[in-house]
Amino acid sequence: MDGPEGRLTGVQLAQRLGWRQSKVSKLENGRQTPTDDDLRAWAEAVGQPAVFPELRSRLRGFESHIRSWRRQLAAGHAPVQETWNTLVSNSTTQHALSTAAVSGILQTADYARHVFERHATLQQSPRDTEAAVRARMKRQEWLYRPGKRLNLLMPESVLWGRICPPDVLAAQLDRLLGVVGMDTVNLGILPLDGTLPLTMGNSFDVLDERLVVVEDWHAELWLDDAETIALYRRVWDTFAESAVFGAEAQQVIARVRRSLKV
């Protein structure tokens with residue numbers, strides 16, 4: 001924080017702006033996203049008002065790639081699901097690695113309901129569970145349109161995850177068993193007793209080689225440069241070499257389903 005008058009401390013800057021010192025700290029450490037007014041005030045406070053347009057431009061570019069859940073979920077989960085519906089609807093091919101839960105495009109309504117409820121609690125966001133579930137179910141129409149292709153990988157651990165009651169999980173596994181033979185779905189499972197070619201990372205989706213969306217606890221990353229897209233496709237292809245498909249995938253799913261005894 002250098003200006004014509006020398007370097008300001010966070011405390012001095014907060015005093016000059018009339019802000020809490022904690023706000024300055026959060027902005028400096030990326031725990032809070034500044035508004036345009038924040039950026040303008042900051043630039044003027046350090047004696048560099050001319051840099052405001054550049055700072056705003058950088059922020060806009062930053063936000064286009066890093067979409068915080070705090071902002072996305074300000075109106076609840078349903079608007080986020082509608083955005084995803086548009087993304088998927090405009091895509092022909094999807095390559096996904098779902099490491100935390102069953103991919104949303106294959107979720108049952110009851111399974112999705114439990115996922116939304118838990119994440120609304122975590123993110124302290126408005127609860128619009130039923131609207132979010134309806135939007136997520138609507139996305140699945142894409143699977144029944146000719147020319148579409150979902151290439152999905154999931155570790156077997158996802159199938160065992162008790163994010164919901166056993167009867168709900170059983171119905172979800174039945175759903176997965178039913179889609180294995182669909183022309184538009186290429187479902188691969190990474191068995192627990194198999195060899196992993198890489199350490200397991202975050203869930204991601206590659207849409208038509210034009211966009212990668214990576215999910216993290218604080219935000220979604222929307223990445224559209226060719227080199228990054230190619231990297232995520234290599235990750236998917238590498239994991240696919242260790243996955244089982246078709247009848248073998250059904251066998252893994254059925255084994256987990258039988259263990260539920262419901």
Side-chain angles (χ1 to χ4, degrees), residues 29-31 33 61-73 77 80-81 83-84 87-88 91 93-107 111-112 114-116 118-119 121-123 125 136 139 149-164 169 172-173 176 179 185-245 248-249 252-253 256:
N29 291 287
R31 297 196 305 273
T33 303
F62 175 81
E63 288 184 327
S64 71
H65 292 289
I66 302 180
R67 304 194 174 207
S68 75
W69 288 121
R70 178 177 60 84
R71 290 199 174 198
Q72 287 198 86
L73 296 176
H77 277 88
V80 177
Q81 295 306 302
T83 297
W84 260 100
L87 278 176
V88 172
S91 302
T93 304
Q94 182 177 356
H95 287 81
L97 174 64
S98 190
T99 62
V102 172
S103 177
I105 200 168
L106 295 182
Q107 288 179 8
Y111 186 97
H114 284 276
V115 171
F116 286 130
R118 291 175 185 252
H119 280 271
T121 298
L122 174 68
Q123 301 290 350
S125 59
R136 177 161 285 184
R139 188 186 316 160
R149 184 70 165 176
L150 170 66
N151 301 288
L152 172 63
L153 298 175
M154 291 190 296
E156 183 184 341
S157 57
V158 167
L159 308 179
W160 291 91
R162 297 293 182 91
I163 192 75
C164 56
L169 182 56
Q172 177 63 72
L173 296 178
L176 295 180
V179 302
V185 178
N186 181 33
L187 174 60
I189 303 296
L190 292 151
L192 284 175
D193 58 357
T195 300
L196 288 178
L198 298 168
T199 55
M200 193 62 66
N202 290 2
S203 299
F204 65 83
D205 294 84
V206 183
L207 303 171
D208 283 346
E209 314 295 327
R210 62 183 171 84
L211 177 68
V212 176
V213 180
V214 185
E215 187 169 339
D216 210 333
W217 291 109
H218 72 295
E220 280 183 336
L221 309 181
W222 287 33
L223 310 169
D224 57 6
D225 64 283
E227 184 175 346
T228 298
I229 292 171
L231 171 62
Y232 276 89
R233 272 304 312 274
R234 289 200 302 275
V235 171
W236 195 95
D237 291 341
T238 301
F239 276 117
E241 293 175 0
S242 297
V244 294
F245 296 85
E248 289 182 88
V252 175
I253 299 168
V256 181

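- Shown here for Pro191 and Ser242, the closest heavy-atom pair between the two residues is CD-O, 3.9 Å.
- Interatomic distance, CH2 of Trp69 versus NE2 of His218, reported as 10.5 Å (0.5 Å rounding).
- Side-chain atoms of Leu152 and Gln94, non-hydrogen and from C-beta on, never get closer than 4.5 Å to each other.
- Atom OH of residue Tyr232 and atom CG of residue Asp205 lie 11.5 Å apart, to the nearest 0.5 angstrom.
- A 4.5 Å side-chain heavy-atom check between Met154 and Leu176 finds at least one atom pair inside the cut-off.
- Counting heavy atoms from C-beta outward, Arg210 and Ser91 have side chains that approach closer than 4.5 Å.
- The shortest non-hydrogen separation linking Trp222 to Thr83 is CH2-CG2, 3.9 Å.
- Counting only heavy atoms from C-beta outward, the side chains of Tyr111 and Val102 approach each other to under 4.5 Å.
- In this structure, NE2 on His95 lies 4.0 Å from CG on Asn151, to the nearest 0.5 angstrom.
- For the atom pair CG of Leu73 and CZ of Phe116, the computed distance is 9.5 Å after rounding to the nearest 0.5 Å.
- For Ser68 (side chain) and Arg71 (main-chain N/O), a donor-acceptor pair under 3.5 Å exists by modelled atom type.
- With a 4.5 Å cut-off on side-chain heavy atoms, Leu223 and Phe204 do not count as touching.
- For Ser203 (side chain) and Thr99 (main-chain N/O), a donor-acceptor pair under 3.5 Å exists by modelled atom type.
- With hydrogens and angles ignored, the 3.5 Å screen pairs no side-chain donor or acceptor of Gln107 with any backbone N or O of Gln172.
- The CD atom of Glu220 lies 11.5 Å from the CG atom of Asn202; values are rounded to the nearest 0.5 Å.
- For the pair Ala112 and Arg136, the tightest heavy-atom approach, listed with the atom from each and the gap, is CB-CD, 4.0 Å.
- Rounded to the nearest 0.5 angstrom, Leu159 CG and Leu192 CG are separated by 8.5 Å.
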>> Using side chain to side chain contact (heavy atoms under 4.5 Å, CB included), reason through Leu187 and Ile253 one step at a time and then give a plain yes or no.
In response: CA-CA 11 Å; Leu187 174 60; Ile253 299 168; 4.1 Å; yes

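- The side-chain heavy atoms of Pro155 and Met200, taken from C-beta on, include a pair separated by under 4.5 Å.
- Annotation: side chain of Trp160 is not in contact with side chain of Leu173 (no heavy-atom distance under 4.5 Å).
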